[in-house]
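Comments concern the structure below.
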Amino acid sequence: MHAQSTAFANIALVKYWGKRDIPLNLPATGSLSLTLAPLRTETEVRFEPDLTADTLELDGSLASPRATARVSAFVDLFRQRAGIDTHAHVRSHNHFPTAAGLASSASAFAALAVAVDAALDTGLSTPTLSALARQGSGSAARSLYGGFAEMLPGQREDGTDAYAVPLHDAEHWPLHVVIALADKGKKEIGSTEGMEHTRLTSPYHQPWIDSVEPDLRDARAAIEARDIEVLAQVAERSAMRMHASAMAADPAILYWKPTTLAVVRAVRTWRAAGLGAFFSIDAGPNVKVFCEADDVETVRTRIEELPGVRGTITCRAGGPAHVTPTETPT
Ligand code: DP6
């Protein structure tokens, strides 16, 4: 009834931005990502018969009722399967550099799924855990795997075929990602809300959705061939089109800051001059710059020289979510 786990964050090369069902959190399209070390969440779950409610401790402090309710609803999915109603203590720690403004829901729900499964000894398959993680956060479904993973949107109404699958492990192509930290400031709008607002109000929503399948096909081929030029084209157009669809919402969703654009422009210039680097941007102002191991120092140095950049975080392709040894006997 007690287990610990670790899961890494991931960054989408082909973006997920739209749902086909909200209650089950089913994505409208597939997506494709790279799991990233060392950005990770460590989670400990302890089911205790005496508890009258679930508790959540996040980074050493008691979490808000809202965050606790979200975790509790997630643990319910496992309790229903196991046919139990025992409550749990959940302790979670995000090893993300503070003030980086990086999303942690992907690693958080992947780690939680793995820890709850181990604590209850439900022995669920990885695709089933991935489908469950998806219900916590869509991007979390991909963090079950190391290296490159693809989210399948599925077709069934119950969402049992909407889970991620592994494409290649990190060793296949150990890409690095230098995260350029752009201007601080309050996040414009969270991804869940942002993608729904885009669906409801952006005339570019459907064209964006239609563009994802060809991008997935091209990204798979580029990764298989370790072709950074082709992957650069696909990943940049996926990020640009996702943001274009959001910018065309009414009112517009604009995640970019001046520094975001400065990094995007610089990366394009460097690549035109022969450097194997390309960018992606999530629901925030930071820019993620992908490159191969040999170029990582050059990329980091150049990014840090750009005006407005507050710092960088260097990541590398990471491994799968996994159970970690517990300190006390179970
Ligand atoms: C821009 O997975 O955070 O990072 O399913 O509503 O929790 P919910 O959304 P979330 O969205 C991620 C959006 C993105 C692109 C991506 O990771 O594919």
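For ligands, and for the atoms within them, numbers begin at 1 and follow the listed sequence.
We find that Lys15 and Asp282 are joined by a salt bridge, their nearest charged nitrogen and carboxylate oxygen being less than 4.0 Å apart.
Considering Trp256, Trp208, Trp17 as possible partners of His243, the one that fulfils the side-chain hydrogen bond (donor to acceptor under 3.5 Å, both in side chains) test is Trp256.
Remark: the Glu44 side chain and the His2 side chain contain an N/O donor-acceptor pair separated by less than 3.5 Å.
To the nearest 0.5 Å, the span separating NE2 on His95 from CD on Glu42 amounts to 3.5 Å.
Under the 4.5 Å side-chain criterion, counting only non-hydrogen atoms from C-beta, Val309 is not in contact with Leu181.
The aromatic ring centres of Phe109 and Phe74 sit less than 6.0 Å apart.
Residues lining ligand 1 at a heavy-atom distance below 4.0 Å are given as Ala12, Lys15, Tyr16, Trp17, Lys19, Asn25, Ser105, Ser137, Gly138, Ser139, Arg142, Ser191, Thr192, Met195, Met242, Asp282, Ala283, ordered by chain and residue number.
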